Amino acid sequence: MADFLSSLNDVQQQAVTTTEGPVLVIAGPGSGKTRVLTYRIAWLLHKGVPPHAILALTFTNKAAREMKERIAKVAGRAASQVWAGTFHSLFSRILRLEAEKIGFPRDFTIYDTEDSKNLIAAIIREWNLDKEAYPANAVRHRISGAKSNLITPRMYAQDQERLQSDTANRMPLFYKIYEGYYQRCLKAGALDFDDLLLQFYRLLQEHPDVADHYRQRFRYVLVDEFQDTNFLQYAILKKLTLYPGSPRNLCAVGDDAQSIYAFRGATIDNILHFEQDYAGLKTFKLEQNYRSTRHIVEAANKVIGHNRRQIRKTIWTDQEEGHRIRVIRAINDTEEGRRVTDQIMELKNREHLPNHEIAILYRTNAQSRIFEEHLRRHNIPYRIYGGQSFYQRKEVKDLIAYLRFVVNARDEESLKRVINFPRRGIGDSTMEGLARQASDQGLTLWESVLRFGGQTRSGKAIARFVDMVNGFREKITTLNAYDLALWVAKTSGLYDEYASDTSVEGISRRENLQALLDGIKEFTESDEEVYTGEATDKSLSSYLQNIALLTDADEDKGETDFVSLMSVHAAKGLEFEAVFLVGLEEQLFPSFMSMNNPDDIDEERRLFYVAITRAKSHLWLTHALSRYRYGQMRHNEVSRFLEEIDLASAEEPGGVREPQVQMATPRSGVSGAFRTAPTVAASARKIDPTTFQPSLPHQIRAGMKVLHLKFGEGEVRQVEGQTDNRVATIVFPDIDQPERRIMLRFAKLQIVE
DNA sequence: TAGGCTGTGGTTGCG
DNA sequence: CCACAGCCTA
């Protein structure tokens with residue numbers, strides 16, 4: 001044991017061995033945070049703390065998985081009995097045992113974001129509210145915000161300030177919708193993601209015996225990424241660890257500088273309050289960075305220094321300087337893609353970097369496409385993270401909805417999803433009538449469906465549907481999850497629906513459906529026992545609980561060595577030898593959405609900080625002078641963050657092969673020098689692409705002198721055609737066949753005069 | 001009721 | 001530009 005402690009530095013050791021009382025670990029990027037967490041757990045076990053007394057909370061499944069694996073490595077078998085998982089999954093597990101105490105069925109459904117949104121939209125429709133004034137997504141967001149701040153519908157309705165602000169925002173009835181949504185979830189036996197926390201809190205609050213039980217049990221609570229917790233999560237942590245006679249063994253690990261989820265309710269205030277709420281809190285700062293070279297670490301410190309509110313911390317490294325940070329200035333987004341891919345080829349060829357040590361990080365997922373195209377062209381295997389997860393795909397959700405509804409007859413959203421898919425003649429007007437009846441008579445939607453009689457077309461269709469569902473339900477006890485799922489897929493017509501579609505998309509949908517069935521089969525047949533605090537359960541209901549909280553499918557099919565493409569958010573917690581951080585332009589990174597609020601800009605800056613600290617040794621920062629956005633070419637100024645890290649010192653020395661590096665040295669405080677188009681020497685036969693700045697196509701007129709990247713200077717003779725199809729005839733004296741017809745839509749021409 | 005068409009609007013995203 | 005929602009017609 002002492003053995004493994006010796007592999008830790010001093011601060012890490014203290015953070016690991018200070019087991020009693022409240023502890024806050026501020027952990028810079030690459031400072032061995034996960035190591036500290038896992039060793040701390042191993043240390044506790046070593047000291048004789050029983051594994052079931054340890055509760056380790058993370059935000060993502062991936063982090064949880066990683067932690068479990070690493071604990072197992074250091075601590076062996078006992079590790080599997082430690083409760084380590086996401087807030088959502090662990091609380092949902094407890095809620096499953098205790099749900100009835102707070103009015104939910106044990107087999108409660110978990111509504112995902114889409115379900116929530118649909119339900120809210122349905123309420124707005126049913127109440128004849130103006131959907132312009134009450135956009136379902138905004139309402140959902142607001143409800144989520146209220147829940148994350150531990151504000152129940154009743155509290156909301158009494159909060160004059162909120163009500164007034166809603167009125168000012170022209171949604172005075174928001175509180176009603178919130179109340180309605182809350183009730184409908186209760187009636188449907190469904191919890192949304194926020195409820196998994198909120199209802200768990202309620203459980204502890206309203207049932208002191210239950211609270212006592214879990215307090216006695218979880219003597220040691222650890223939280224990862226504490227800066228990402230919201231008010232409600234912190235409230236739960238306090239409930240569990242702060243009470244009369246409590247040992248107050250809460251250990252929180254986080255980094256305020258890496259807080260990038262304020263937009264979804266995370267608040268750094270929790271770190272600040274931690275100190276006040278837990279007297280005698282011991283704080284450890286992990287500042288030594290083991291990941292990156294000095295150039296990168298210094299750049300990171302420089303940017304983050306521009307933030308106003310922060311816990312003072314300077315990361316350092318004893319690694320060598322390493323490669324300089326390199327800047328690529330591209331003419332446009334396509335060029336950016338090409339240059340990045342060229343550099344990747346070079347990294348592979350010269351440095352022999354494997355693909356999986358290379359990442360392209362961007363602010364918005366929409367930026368991935370161009371890189372994808374170029375990588376494909378070079379046959380470089382890549383994988384795009386983010387976007388739609390497996391379980392969010394329509395075809396997958398369709399089958400899951402059937403299964404959910406079979407298990408929980410009150411689940412309204414699933415019923416609405418499947419009742420007429422595949423099409424069976426139960427249309428919108430029928431559904432509207434059913435919904436009205438349900439709300440008028442206080443029935444669940446399914447009860448309302450059951451009462452729908454008659455020999456009309458829809459009546460018969462409904463009767464057939466009811467028979468089918470009842471048939472499914474009868475089989476719950478006799479068939480295992482897989483056989484039942486297969487039966488449902490075939491009988492409902494879902495399978496054939498997708499089987500008959502021969503388009504590329506259709507085939508992929510069928511494959512996904514098959515993959516889902518395979519997954520269910522694996523679940524039923526797996527003999528791996530997962531410790532859940534209750535008997536291993538292979539029921540359909542158990543399966544559904546399991547997947548409701550999964551986000552990524554993560555099957556590594558075939559290729560394992562690929563370049564990673566992902567948003568900066570998705571890259572948090574990861575590291576790569578080489579990182580290309582692309583699209584460093586004002587309005588894009590920092591995002592245009594953040595421009596009006598200094599706090600938001602600070603969050604963007606932390607995001608930038610997270611991004612550059614992913615790199616171990618190679619870091620490229622790229623920006624394009626213009627790029628397509630919403631269908632039109634936009635001109636972009638270079639990101640302020642690029643200036644803030646003061647790349648003058650990181651710039652590659654002269655003599656570098658042409659395009660890479662050059663970037664104008666920012667003059668102190670004056671960015672103008674940077675942002676105006678540099679004048680290009682007229683004699684330049686070969687134009688320097690880093691200073692070339694194309695004009696917008698519609699500005700090109702006959703008689704103008706223009707520069708073309710390949711052809712050099714030319715004179716526009718005439719312009720024909722309309723808008724998108726305009727063609728210019730240009731004479732370039734320096735080339736063979738000087739007269740060229742150039743499609744302006746695609747041309748990169750810079751007006752000289 | 002179902003499928004085609006027009007109009008609108010558009011970050012980031014864990015569970 | 002592109003995805004999706006809602007409207008309108010067969």
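Given the structure is predicted, the values throughout are model-derived calculations rather than measurements. Every chain is numbered from 1, with letters handed out A, B, ... down the list of sequences.
Using a 30° and 60° split on the angle between ring planes, A:Phe641 and A:Phe589 fall in the perpendicular class, above 60°.
Atom CE in A:Met566 sits about 11 Å away from atom P in B:dG13, given to the nearest Å. Going from atom CZ of A:Arg634 over to atom C1' of B:dG10 covers 11 Å, rounded to whole Å. A straight line from CZ of A:Arg264 to C1' of B:dT12 spans 9 Å, rounded to a whole angstrom. If you take CG of A:Leu198 and C1' of B:dG15, they are 15 Å apart, rounded to a whole angstrom. When the P atom of B:dC14 is taken as reference, atom CG of A:Asn230 falls 15 Å away, rounded to whole Å. At whole-Å resolution of the value, CZ in A:Arg629 and P in C:dC1 are 16 Å apart. Following rounding to the nearest Å, A:Phe390 (CZ) and B:dG15 (P) show an atom-to-atom distance of 16 Å. B:dG15 atom C1' lies 10 Å from atom CD of A:Gln233, rounded to whole Å.
Contact annotation: A:Ser429 side-chain N/O to B:dT1 OP1/OP2 distance is under 4.0 Å. Remark: A:Asn365 is not in phosphate contact with B:dT11, judged by side-chain N or O atoms under 4.0 Å from OP1 or OP2.
In this structure, A:Thr364 reaches the sugar-phosphate backbone alone: every heavy-atom distance under 4.0 Å involves primed, P, OP1 or OP2 atoms, never a base. A:Ser458 comes within 4.0 angstrom of nothing in the nucleic acid, heavy atoms only. No engagement by A:Glu603 is indicated, since no non-hydrogen atom pair under 4.0 Å with the nucleic acid exists.
The glycosidic torsion of B:dT11 lies within 90° of 0, which places this base in the syn conformation.
On a pure distance criterion of 3.5 Å, a polar donor-acceptor pair joins the side chain of A:Thr113 and the base of B:dG15.
A donor and an acceptor atom, one from each side chain of A:Asn332 and A:Ser626, are nowhere located under 3.5 Å apart. For the residue pair A:Ser92 and A:Ser89, no side-chain donor N or O sits within less than 3.5 Å of a side-chain acceptor on the partner.
By the stacking rule of 5.5 Å between ring centres and under 30° between planes, A:Phe263 stacks on the base of B:dT12.
Distance from the side chain of A:Arg363 is smallest for B:dT12 among the nucleotides B:dT12, B:dT1, B:dG15. Residue A:Arg423 has its side chain nearest to B:dA2 when only B:dG15, B:dT11, B:dA2 are considered. Listed candidates were B:dA2, B:dT11, B:dG13. Nearest to the side chain of A:Met593 is B:dT11. Nearest to the side-chain atoms of A:His141 among the listed nucleotides B:dG15, B:dG13, C:dA5 stands B:dG13. The A:Asn420 side chain lies nearest to B:dA2 when the options are B:dT1, B:dA2, B:dG13. Distance from the side chain of A:Thr430 is smallest to B:dT1 among B:dG13, B:dG15, B:dT1.
Remark: A:Gln587 pairs with no residue by the side chain to side chain donor-acceptor pair (under 3.5 Å) rule, at least two apart or across chains.
A residue-by-residue look at A:Ala366 and A:Asp428 shows that A:Asp428 has its nearest nucleotide of DNA chain B further toward the 5' end. When the nearest nucleotides of DNA chain B are assigned to A:Leu196 and A:Ser594 by heavy-atom distance, the more 5′-ward of the two goes with A:Ser594.
No close placement of the A:Tyr362 and A:His569 rings is indicated, their centers lying 6.0 Å or farther apart.
Rounded to the nearest 0.5 angstrom, A:Thr86 OG1 and A:Asp224 CG are separated by 12.0 Å.
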